[in-house]
Amino acid sequence: SISSNGAMLNGMATCNAGSASAWFEWGTTTSYGHRAGATNLAGGVNVIMVRNGLSGLPQGYVYHYHLVASNAVSVVSGADQQFTVGGTAMPWGNNADGEANPQGVTNVVAVSAGYFHSMTLMNDGTVVAWGYNADGQATVPAGLQNVAAISAGYLHSLALMNDGTITAWGAGTTDTETPPNFGQSIVPAGLSNVVACSAGSYHNLALRSDGTVVAWGDNLHGQATVPAGLSNVVAVAAGEYHSLALKNDGTVVAWGSGKVNSPSDGRDYGQAIVPSGLSSVVAIAAGAYHSLALRKTGSVVAWGAGTVNNPSDGYTDPNTGISVDDGQSIVPGSLGSTTQVSGGGFFSMALRTIGDVAAWGDNQVGETNVPSLTRTVSIASGLGHGLALMPSSLPVTNSVSIQSLFSGGSLVLTWPADAVAYTIESSPVLGTGAHWTAAGIMATENGGAFTATIPGGPFTKFYRLRFSAE
């Protein structure tokens, strides 16, 4: 959970041989620079939950952290995670039901996108939701607070509470076994010790602190039948009719529809056929009929629907009538290193290491027309819209006027060693009449040198680098 000036870091470790100790390294860059106190772990082969709280964190920063575990055999580090203690939701794509209109909410620490609605988790532990609301999915229960995480499904919503329980609302408060009511908003009695949750179309997955998974809701395709003996799970993701689990050894388990590749039946596109040899996975995501895995190397693997880009092949989603094969499983060759993945209805997104967002697949309503973003914290994909969590503005502790340019050229930037974020600004004049505004230009790094390409234009402009330092 995250507050306005602090965060509770969570991670899962496995000792494998004898006792071990684990701790979090954290900071405003991936060099971290800070270390939280170590936790002693008993030996064994099962996952163990590790928690540590941080306080006194100023707003405006993207904070990075990872879990480090050490025993007599080795020292290993988990994948980089990031958060902010107060930001805004940046939307794009379909807005037919207002799902891409966040109404100026601030102090956001998490975002989630349903099919036609959106949710934000605030740094005071409350939830704001908007968009399509015919089934009450955007009507947050009165008095809901102490929320640690959120997940938006097709026509329902989930909130993970700080005490490890789940609150659900929207469609599925009854179980008629007909759309849209499959009991997905009826939380199983006694469900507790939950550390993560994922809402699919009509079913849900909950990950418990002991590494086991609980599922409920629609099970017509086996998506809520957790494989017998599944354990040591560290992440879950629910699609339209399939489910994914990431295990602590970096492998992926899938179940539900898509265990065969038979597109003619309308639901089986191989989305539950995990690619042979897939390993070293650190994050997973499920789209409607496709699946995504982020590997430790920063590369992305995708499978299921959309391994071809042929919207006219006649295969459509039985719920929406939208074409299914839109190239959402064709990972762009130019994607580069990524830190997060997200599966939309018929498109995919990745948060790149440099802080911007890439999207590919269906673009009928602009869902892959991602705005120019930097310093992105996290991403979420709906049926036809996307959300990005952006940190609040940085306090500027230093600024440097670089030089003036005429109609264009390249500008080599001086990047201080203690800088953690930057903005390139321009002004038509210098001195008392200067009006500095964000130029919307990103710098590229090559061998430690940062270069910005200034666009051509008829007027002289002055550019400067504003940066924030630790």
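Worth knowing before you read on, the calculation uses all heavy atoms, side chains too, and leaves out hydrogens, waters and symmetry mates.
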Using the rule given for side chain to side chain contact (heavy atoms under 4.5 Å, CB included), can you reason through Ile166 versus Leu160, listing the C-alpha separation, both sets of side-chain angles and the distance that settles it, and then say yes or no?
CA-CA 5 Å; Ile166 295 284; Leu160 170 60; 4.0 Å; yes
| Is there a donor in the side chain of His117 and an acceptor in the side chain of Ser157, or the other way round, less than 3.5 Å apart? | yes
Check your understanding: For the side chain of Ser198 and the backbone of Ala238, is there at least one donor-acceptor N/O pair under 3.5 Å apart?
Key -> yes
* Do Ser348 and His290 get their side chains close enough for a donor-acceptor pair, meaning under 3.5 Å? -> yes
Heavy-atom distance under 4.5 Å between the side chains of Leu244 and Ser291, does that happen here?
-> yes
Checking Trp216 side chain against Gln184 main chain: does a donor-acceptor pair fall under 3.5 Å? yes
Identify all side-chain donor-acceptor contacts of residues 273-280 below 3.5 Å with residues at least two apart in sequence or on another chain.
none

- prompt: So, do Asn123 and Asn107 sit near enough that their side-chain heavy atoms are less than 4.5 Å apart?
  reply: yes
- Message: With a 3.5 Å distance limit and no angle check, can you tell me whether Trp92 reaches the backbone of Glu367 through a side-chain donor-acceptor pair?
- Response: yes
**Message:** Side chains of Asn94 and His385 only: does a donor on one sit below 3.5 Å from an acceptor on the other?
**Reply:** no
- request: Examine the side chains of Asp268 and Ser262 and answer whether a donor and an acceptor come within less than 3.5 Å of each other.
  value: no
Check for a donor-acceptor pair, side chain of Trp169 on one end and backbone N or O of Gln137 on the other, with a separation under 3.5 Å.
yes
When rounded to the nearest 0.5 Å, the distance separating NE2 of His64 from OG of Ser31 is 9.5 Å
Item to check | Arg51 backbone acceptor or donor facing Asn10 side chain under 3.5 Å | outcome: no
Could you check whether any side-chain N or O of Ser118 sits under 3.5 Å from a backbone N or O of Glu99, counting only pairs where one atom can act as donor and the other as acceptor? yes
| said: In the structure I gave you, are the side-chain heavy atoms of Tyr202 and Tyr154 within less than 4.5 Å of one another anywhere? | reply: yes
Closest non-hydrogen atoms of Val111 and Ser378, given as atom of the first, atom of the second and distance, are CG2-OG, 4.1 Å
Discussion item. Side chains of Thr84 and Val62, heavy atoms from C-beta outward: is any pair under 4.5 Å?
Written reply: no
Test side chain to side chain contact (heavy atoms under 4.5 Å, CB included) applied to Ile2 and Met8, step by step | CA-CA 6 Å; Ile2 302 170; Met8 178 62 70; over 6 Å; no
From the list Asp249, Val281, Leu246, side chain to side chain contact (heavy atoms under 4.5 Å, CB included) with Val234 holds only for Leu246
When every non-hydrogen atom of Ala159 is compared with those of Leu144, the smallest separation belongs to CB-CD2, 4.1 Å
Exercise. Looking only at side chains, do Asn309 and Asp326 share a donor and an acceptor under 3.5 Å apart?
Worked result: no
To the nearest 0.5 Å, atom CG of Asp175 lies from atom OG1 of Thr173 at 10.5 Å
Can you find a heavy atom in the side chain of Leu205 that is under 4.5 Å from one in the side chain of Leu207?
no
Quiz item: Going through the distances and angles, do Asn363 and Asn369 end up as a side-chain hydrogen bond (donor to acceptor under 3.5 Å, both in side chains)?
Solution: CA-CA 7 Å; Asn363 196 36; Asn369 293 339; 3.1 Å; yes
Which of Gln223, His242, Gln271, His221 passes side chain to side chain donor-acceptor pair (under 3.5 Å) with Ser257? It is Gln271
Output for pair (Asn181 CG, Thr176 OG1), nearest 0.5 Å, gives 4.5 Å
- Query: Do any N or O atoms from the side chain of Asp135 and from the backbone of Gly170 form a donor-acceptor pair under 3.5 angstrom?
  - Reply: no
- prompt: Within the distance-only criterion (no hydrogens, no angle test), does the side chain of Ser342 pair as donor or acceptor with the backbone N or O of Ser381 below 3.5 angstrom?
  reply: yes
Original post:
Any chance the rings of Tyr32 and Tyr65 have centres within less than 6.0 Å?
Top reply: no
Under 4.5 Å between any side-chain heavy atoms of Ile48 and Thr14, yes or no? no
All heavy atoms of Ala129 vs all of Met119, minimum pair found to be CB-CG, 4.1 Å
* Asked: Can you tell me if Gln82 uses its side chain to pair, donor with acceptor, with the backbone of Val377 under 3.5 Å?
  -> yes
Exercise for the section: Verify, without hydrogens or angle tests, whether Thr376 (side chain) and Gly355 (backbone) share a donor-acceptor contact under 3.5 angstrom. Expected result: yes
Start with the C-alpha gap between Met349 and Phe347, add the side-chain angles, then the distance that decides, and say whether side chain to side chain contact (heavy atoms under 4.5 Å, CB included) holds.
-> CA-CA 7 Å; Met349 294 202 306; Phe347 71 108; 3.7 Å; yes
TODO: Could you tell me whether the side chains of Asn133 and Thr139 share a donor-acceptor contact shorter than 3.5 Å?
DONE: yes
Taken to the nearest 0.5 Å, the spacing of Thr28 OG1 from Tyr63 OH works out to 7.5 Å
Rounded to the nearest 0.5 Å, the CZ atom of Arg375 sits from the CD1 atom of Ile354 at a distance of 14.5 Å
Shortest non-hydrogen pair, Ala286 vs Gly239, comes out as CB-N, 3.5 Å
The residue among Phe346, Tyr241, Tyr289 that forms ring-ring contact (aromatic ring centres under 6.0 Å, His included) with Tyr269 is Tyr289
CG (Leu121) and CG (Asp124) are apart, to the nearest 0.5 Å, by 8.5 Å
Within 6.0 angstrom of Phe83 CZ, more than 12 heavy atoms from elsewhere: yes
Closest non-hydrogen atoms of Ser151 and Cys197, given as atom of the first, atom of the second and distance, are CB-O, 4.0 Å
- Task: Would you check if Met90 and Leu373 make a side-chain contact, meaning some heavy-atom pair closer than 4.5 Å?
- Result: yes
Between Tyr132 and Tyr115, is any pair of side-chain heavy atoms under 4.5 Å apart?
-> no
Closest non-hydrogen atoms of Pro91 and Pro102, given as atom of the first, atom of the second and distance, are CG-CD, 3.4 Å
Check: Given the rule in the side chain to side chain contact (heavy atoms under 4.5 Å, CB included) test, do Leu41 and Val50 qualify, once you have shown the distances and angles that lead to the verdict?
Finding: CA-CA 9 Å; Leu41 307 176; Val50 181; 4.1 Å; yes
